[in-house]
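So you know, we letter chains A, B, ... as the sequences are listed, proteins then strands, and number each from 1.
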Amino acid sequence: MATTAPAVTEPIVEMENISIEFPGVKALQNVNFRLFPGEVHTLMGENGAGKSTLIKALTGVYKIDSGTITVGGVQRRFAGTADAQNAGISTVYQEVNLCDNLTVGENVMLGHEIRGPIGINWRKTHEAAHEALIRLGLGDLDPRQPLSSISLALQQLVAISRAMVTDSTVLILDEPTSSLDANEVEGLFTVIRRLRDEGVAILFVSHFLDQVYAISDRLTVLRNGIVVGEHQTAELSRNQLISEMIGKDVETLNSLGSHRSRVVHSGGAPFYSAKDLTRKGSIEPVDIEVHAGEVVGLAGLLGSGRTELGRLIYGADKPDSGVVTIDGKTTDVTSPVGALAQKIAFSTENRRDEGIVGDLTVRENLVLAVQARRGWARPLSRKEQAAICDKYLTELNVRPADPERTVKNLSGGNQQKVLLGRWLATQPELLILDEPTRGIDVGAKAEIQETIVALADDGMSVIFISSELEEVVRLSERIIVLKDRRKIGEIVNGPLVTAESIVDLIASEGIVS
Amino acid sequence: MSIPASRSSTAVRMVTGLFHQPYVWAIVALILLLIVNLTKNPGYLGVSVNPATGNLSGNVIDILRASAPIMMIAVGMTLVIATRGIDLSVGSVMAVAGAVSMEFMNNTGTGSFGTAIVAVLLALGISAVLGTLNGILVSIVGLQPFITTLVMMLAGRGLAKVITSGQNTSATNESFRWIANGTFLGFPVVFVIAVLIVAVLAALVRRTALGLMIESIGINPKAARMAGIRPVGILVSVYIVSAVLAGVAGIFSTASVMTVEVAKTGMTAEMDAILAVVIGGTSLAGGKFSLTGSIIGALLIATLDKTIVYMSIPSSATPAFKAIVIVIICLLQSPRVRSMFNRRRTRVIIAEKETVQA
């Protein structure tokens with residue numbers, strides 16, 4: 001019964017004509033959505049398409065302006081998340097919402113502890129937790145061990161166990177795979193399939209197309225708050241899916257391929273070069289050179305030191321030693337202030353914690369770095385600020401293009417564009433981009449990649465860090481490969497270089513000795 | 001900060017804008033308190049002009065006079081709180097500033113204008129030193145603001161006692177006394193000075209990029225650092241500003257009686273300041289701040305203190321009365337209650353926005 005249409009014809013969740021409006025934005029317009037028992041249903045769409053809004057309507061976080069929600073045949077009106085949970089709808093969010101300092105069992109049973117005559121009966125509570133874990137095939141996991149001692153992937157599964165303790169009929173998984181590796185994803189999928197076969201309706205959200213095709217039976221595509229399609233996954237090709245999501249021809253995406261295969265920097269002095277750049281516990285001595293107009297990719301697995309190297313170049317972490325030459329002059333970069341003064345900008349992978357200043361407006365976020373470099377005493381005039389906003393909101397296609405909107409209310413992809421705008425406004429000569437396309441939709445991704453190519457064509461040096469090797473290969477002229485906090489090689493890009501070449505290099509390195 | 005709009009809608013915007021300010025309830029409470037006073041005495045709000053001197057007098061003028069020191073520490077506290085900090089030492093710094101100036105004037109004993117100037121400068125100077133210490137401990141050493149300023153609160157009170165050898169010191173100096181009891185264009189000098197200082201500070205914060213940087217640090221310190229903002233200078237500055245303003249408040253409150261009571265001057269002033277900030281709508285979590293709100297908060301606290309006296313509420317019941325009023329305001333400002341009120345308004349504003357766009 002793997003990918004056949006659900007045998008039951010009565011949907012467990014039926015949302016009809018749902019509309020939600022925020023000041024100035026129609027987040028959802030007359031959306032119809034059906035979820036059947038025993039299916040894995042994926043919600044697809046760009047950032048800002050309305051996926052999160054739809055989920056939040058279904059989980060009672062947002063109130064719907066119009067339309068009806070029917071769960072299990074009963075029409076509901078959710079006043080809060082508790083109402084949705086009582087209706088049998090559980091949610092596991094992208095960031096694991098568990099308590100690190102409690103045990104696995106305590107996390108699973110939190111709020112449903114089994115009580116005896118004198119308070120909580122911990123033995124029975126842990127037994128119940130064990131049973132809940134067995135249901136997901138996690139019988140090996142000791143419910144008494146602290147949550148902090150298990151991997152993020154297992155924590156994700158614990159979060160699902162926790163959701164299933166309440167005997168949910170609907171399980172919502174919002175980007176559960178974004179921080180898992182391939183094996184862990186497979187483990188998660190096994191659990192999802194098991195639950196599906198028990199008749200649980202699963203609503204799945206992910207940006208990874210492969211995963212969507214591997215796990216989902218049906219999918220619903222949203223664009224700009226409107227449903228553009230409801231399909232059997234098996235009957236929809238990837239190209240069709242992507243076109244539906246971004247609403248324009250897929251050619252844009254494909255045309256980016258092999259764009260950067262030209263090699264123009266055989267000679268000449270590099271704009272930036274570092275010799276033996278190192279920081280104890282962070283990365284071993286690395287040599288790196290970047291020429292003007294060149295995109296240098298940093299490739300490697302998570303924890304290989306790719307982010308650490310970027311931070312070191314920017315001075316976000318202070319290097320222990322190393323000789324840095326910028327534009328022919330030997331210098332030191334030991335702080336972000338110093339880096340920006342030398343025309344180096346760094347866009348962090350950690351958008352929420354180190355990137356945006358959430359409560360400020362889009363305008364204030366855009367001008368922040370320029371203003372910081374000028375110092376507080378020389379404020380940018382209203383006019384200068386407006387000019388920066390106009391330029392980058394248009395060039396980077398930020399939606400909505402309203403400079404006075406609070407930035408935390410923008411979707412992830414648009415926040416990323418605002419951040420990119422902030423760094424571009426400082427007119428850097430070396431731009432370090434750490435995972436600029438992570439967690440954002442295909443359309444925004446293509447736009448950001450196009451921007452990077454255009455910037456390099458204009459003579460900017462770019463260091464591009466990404467966990468997606470295809471992306472690194474597509475954009476970079478040279479690729480520095482890192483492994484276990486060391487540089488293990490450098491590849492000059494060419495027609496024969498593929499993601500496989502990098503994987504081979506990482507896999508073979510170290511075996512020789 | 002507002003975007004230019006057609007004149008007819010500007011007034012509407014200002015009113016709706018005011019209703020969206022978190023301090024709207026503080027304004028309402030302020031008006032209610034005045035009404036309560038009016039019911040007891042219909043002439044309460046009356047301001048009379050002394051024909052000989054041109055001085056204004058009346059309850060309102062008294063309130064303005066009393067609000068000046070609270071305004072000073074509340075404004076300083078706002079900036080510190082905006083950076084995710086807190087300054088518990090302001091009350092003690094008031095005592096230190098008062099002690100230094102009184103002791104100096106008592107010892108020199110000339111009573112001249114020059115002595116008063118030196119006394120003021122000494123008081124502000126030592127306040128700045130204490131503020132710098134706070135700032136360095138918080139920003140460079142990395143101690144928690146609460147602990148740092150709590151220690152400074154205890155140490156400051158001790159320092160004031162050491163300066164005056166534990167005595168309540170008095171001095172005679174008409175120039176110094178004028179600060180608290182004199183008038184300028186009919187208004188109390190303390191209030192005029194306070195307004196001037198607030199105006200200068202507001203311009204400094206909002207006309208330069210200082211406010212933006214303070215808010216960035218308060219909202220997301222890591223992101224602020226990555227954007228190239230140097231937090232150390234800004235943090236040290238806000239603690240210095242807070243302490244110097246506390247010094248000013250200390251001068252205000254000792255000058256009126258020309259005596260520093262080392263155990264009483266500025267006692268629990270930090271609480272009044274924090275309350276004024278909170279009533280004014282600045283979150284204790286840091287980030288976005290409102291100087292206007294804090295000033296309204298300071299005015300409210302001064303009015304509340306005066307009302308308690310005026311209504312002859314027994315002194316044993318005054319703390320409870322004060323607490324009740326403040327709790328009600330905080331409740332009305334809480335996100336949950338506010339969202340209840342806002343829900344109805346949002347629709348009106350969306351409708352207005354759409355017509356503007358069309």
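- Residue contact with chain B, scored on non-hydrogen atoms closer than 4.5 Å, involves the backbone and the side chain of A/Leu360 alike.
- In this structure, a donor-acceptor pair under 3.5 Å is absent between the side chains of A/Asn17 and A/Ser66.
- Contacts of residues 224-243 of chain B with chain A at a heavy-atom distance below 4.5 Å involve B/Arg225, B/Met226, B/Ala227, B/Gly228, B/Ile229, B/Arg230, listed in sequence order.
- Looking only at distances, a side-chain donor or acceptor of B/Ser294 sits under 3.5 Å from a matching main-chain atom of B/Ser290.
- The CG atom of A/Leu433 sits 5.0 Å away from the CD1 atom of A/Ile452 when rounded to the nearest 0.5 Å.
- When the candidates A/Leu340, A/Asn365, A/Leu368 are compared by the number of heavy-atom contacts under 4.5 Å with chain B, A/Leu368 comes out ahead.
- For the 3.5 Å distance criterion, the side chains of B/Asp87 and B/Ser89 qualify, holding a donor opposite an acceptor.
- Heavy atoms of A/Ile356 lying under 4.5 Å from chain B belong exclusively to its backbone.
- A/Tyr272 pairs with exactly one of A/Asp327, A/Ile432, A/Ile326 by the side chain to side chain contact (heavy atoms under 4.5 Å, CB included) rule, that one being A/Ile326.
- For A/Arg378, no part lies under 4.5 angstrom from a heavy atom of chain B.
- Using a 4.0 Å cut-off between charged side-chain N and carboxylate O, A/Arg311 and A/Asp317 make a salt bridge.
- Side chain to side chain, A/Asp434 and A/Thr348 fail the donor-acceptor criterion of an N or O pair below 3.5 Å.
- With B/Phe289 as the aromatic partner, B/Arg84 does not meet the cation-pi criteria of under 6.0 angstrom to the ring centre and within 45 degrees of the ring axis.
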